[in-house]
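This report concerns only the one structure given below.
From a predicted model like this one, the values you see are computed outputs, not experimental measurements. One-based numbering along the sequence shown.
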Amino acid sequence: SDSESKGLATFVGTFCLPSLIFGSLCKINLFSVNWKFFSAILVTKAVIFFGVLLVTYVVGRKVNKAGLYAIFTTQSNDFAVGLPIVQAIYGLSNPQFQDYVYLLAPISLVILNPIGIIFLEIGKQQDNANATSSSRLTLIWNVFKSISTNPIIFMTIFGIFGNLIFGGTLPTIIDGFLTTLGNAFGASALFLLGLNMVSRTRQKPKGSVWIAPVILIITKTIVTFDVLTGLGTTLMGRSSGPSALDHKDANVPSFFAGS
């Protein structure tokens with residue numbers, strides 16, 4: 001039923017996923033991370049984000065739609081879909097690839113998505129005919145409330161600081177509690193994903209409604225993948241030291257992060 005699926009969504013999005021992100025970010029060895037590869041993904045997602053934002057606004061003059069489309073093209077379901085694939089294929093041969101799945105979350109959740117939220121709130125105020133002179137304060141408050149009340153976003157921020165505070169090792173009690181909730185995420189998220197897909201297939205959009213989603217999907221998969229693979233491979237070829245990925249291995253995380 002709808003109430004049961006909403007309860008499962010609350011359990012997954014409010015408890016399991018934030019616990020998984022926080023615990024994983026706290027335990028990542030930041031000194032073994034290839035920051036050039038991280039920078040390549042940051043630049044690529046920023047280019048796609050602001051490019052879609054600009055084009056959508058120029059074409060449609062809709063601020064809220066521009067923010068929504070920009071978030072769509074850079075936000076991906078890394079944890080529910082991408083992480084199980086990476087664990088199954090590279091869990092033994094290249095376990096460090098799993099760390100990048102967690103480490104790349106702050107790019108969208110903490111850096112880019114809040115910008116999109118700002119545009120959504122601006123569009124909401126523009127649609128409100130009764131906007132007053134206090135609209136700017138209302139905008140700031142709504143953006144702050146949207147970010148601060150989102151458990152995924154603030155647990156990502158706390159996870160970064162937690163890594164610096166705990167030095168990459170969580171206390172046993174905290175680690176055990178977070179691990180238990182995090183372990184429940186995989187199966188629950190995939191089940192919820194299938195449930196939502198089945199329920200939404202009953203609503204079949206017609207005509208030109210398909211045009212925008214198709215263009216955004218092409219941008220999100222093909223364009224992002226091509227840009228990131230080229231930029232990531234170039235930077236990886238110049239990397240050196242213990243945190244470097246070789247030129248061949250650079251294509252693997254670039255493929256998953258870009259597609």
Side-chain angles (χ1 to χ4, degrees), residues 36-82 100-101 103-129 131 135-136 138-140 142-147 150 152-153 156 193 196-197 200-201 203-236 250-251 253-259:
K36 289 186 177 181
F37 174 68
F38 180 86
S39 301
I41 297 181
L42 175 60
V43 172
T44 300
K45 287 202 171 188
V47 169
I48 297 298
F49 183 91
F50 289 107
V52 172
L53 189 73
L54 178 62
V55 171
T56 304
Y57 179 73
V58 171
V59 173
R61 296 294 176 179
K62 293 287 187 178
V63 179
N64 52 353
K65 184 177 291 186
L68 179 63
Y69 285 0
I71 293 176
F72 177 85
T73 52
T74 54
Q75 183 67 43
S76 55
N77 202 355
D78 296 328
F79 300 104
V81 178
Y100 285 97
V101 176
L103 192 62
L104 297 179
I107 294 179
S108 295
L109 296 177
V110 180
I111 300 176
L112 298 178
N113 284 6
I115 300 176
I117 293 174
I118 292 175
F119 279 83
L120 290 174
E121 292 296 336
I122 292 176
K124 186 186 297 184
Q125 287 195 359
Q126 289 180 349
D127 294 338
N128 184 9
S135 297
R136 184 172 300 178
T138 304
L139 171 65
I140 296 175
N142 289 337
V143 172
F144 174 78
K145 183 173 65 174
S146 299
I147 296 175
N150 189 319
I152 298 177
I153 294 179
T156 301
L193 177 62
N196 291 333
M197 291 177 63
R200 291 175 183 177
T201 53
Q203 303 175 356
K204 298 181 178 180
K206 299 180 180 179
S208 60
V209 178
W210 287 101
I211 297 178
V214 170
I215 295 176
L216 293 175
I217 291 172
I218 293 175
T219 303
K220 185 175 184 178
T221 55
I222 300 177
V223 177
T224 304
F225 166 69
D226 290 338
V227 175
L228 179 56
T229 301
L231 184 59
T233 303
T234 301
L235 293 179
M236 293 307 99
N251 290 322
S254 296
F255 173 77
F256 281 104
S259 60

* **salt bridge (Lys or Arg N to Asp or Glu O under 4.0 Å) contacts in which one or both residues fall within residues 106-120, not counting sequence neighbours** =>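 Counting only pairs at least two positions apart or across chains, no salt bridge (Lys or Arg N to Asp or Glu O under 4.0 Å) contact touches residues 106-120.
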* Asked: So, the side chain of Thr224 versus the backbone of Thr221: is there a donor-acceptor pair under 3.5 Å, distance only?
  ->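 Judged by distance alone, no pair lies under 3.5 Å.
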Partner residues of [X] under the side-chain contact (heavy atoms from CB on, under 4.5 Å) criterion, sequence neighbours left out:
| X | value |
| --- | --- |
| Val110 | Pro106, Thr156, Ile157 |
| Val43 | Val47, Leu231 |
| Leu42 | Ile107, Ile111 |
| Ile115 | Phe49, Phe50, Phe119 |

Quick one: [atom1] on [X] to [atom2] on [Y], what's the gap to the nearest 0.5 Å?
| X | Y | atom1 | atom2 | answer |
| --- | --- | --- | --- | --- |
| Thr74 | Leu112 | OG1 | CG | 5.0 Å |
| Leu53 | Ile71 | CG | CD1 | 9.5 Å |
| Thr219 | Tyr69 | OG1 | OH | 11.5 Å |
| Ile48 | Thr73 | CD1 | OG1 | 7.0 Å |
| Asn64 | Glu121 | CG | CD | 10.0 Å |

* To do: Return each pair, listed once, that meets side chain to side chain donor-acceptor pair (under 3.5 Å) where at least one residue sits in residues 104-115; pairs must be two or more places apart or across chains.
  =>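 Matches after skipping sequence neighbours: Lys45-Ser108, Gln75-Asn113.
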* Go through the structure and list residues passing side chain to side chain donor-acceptor pair (under 3.5 Å) with Thr56, not counting sequence neighbours. =>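 If we apply the side chain to side chain donor-acceptor pair (under 3.5 Å) test to Thr56, skipping adjacent residues, there are no hits.
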* Partners passing side chain to side chain donor-acceptor pair (under 3.5 Å) against Asn150 (at least two apart in sequence or in another chain) ->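 Partners of Asn150 by the side chain to side chain donor-acceptor pair (under 3.5 Å) criterion come out as none, since no residue qualifies.
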* Asked: Can you find a heavy atom in the side chain of Leu54 that is under 4.5 Å from one in the side chain of Val58?
  ->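 Yes, close enough: below the 4.5 Å cut-off.
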* **Minimum heavy-atom distance between Ile117 and Ser146, given as atom pair plus value** =>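 Residues Ile117 and Ser146, closest heavy atoms: CG2-CB, 4.0 Å.
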* Would you please name every residue forming a ring pair (Phe, Tyr, Trp, His ring centres under 6.0 Å) with Tyr57, sequence neighbours left out? =>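 Per chain and number, Tyr57 pairs via ring pair (Phe, Tyr, Trp, His ring centres under 6.0 Å) with no residue.
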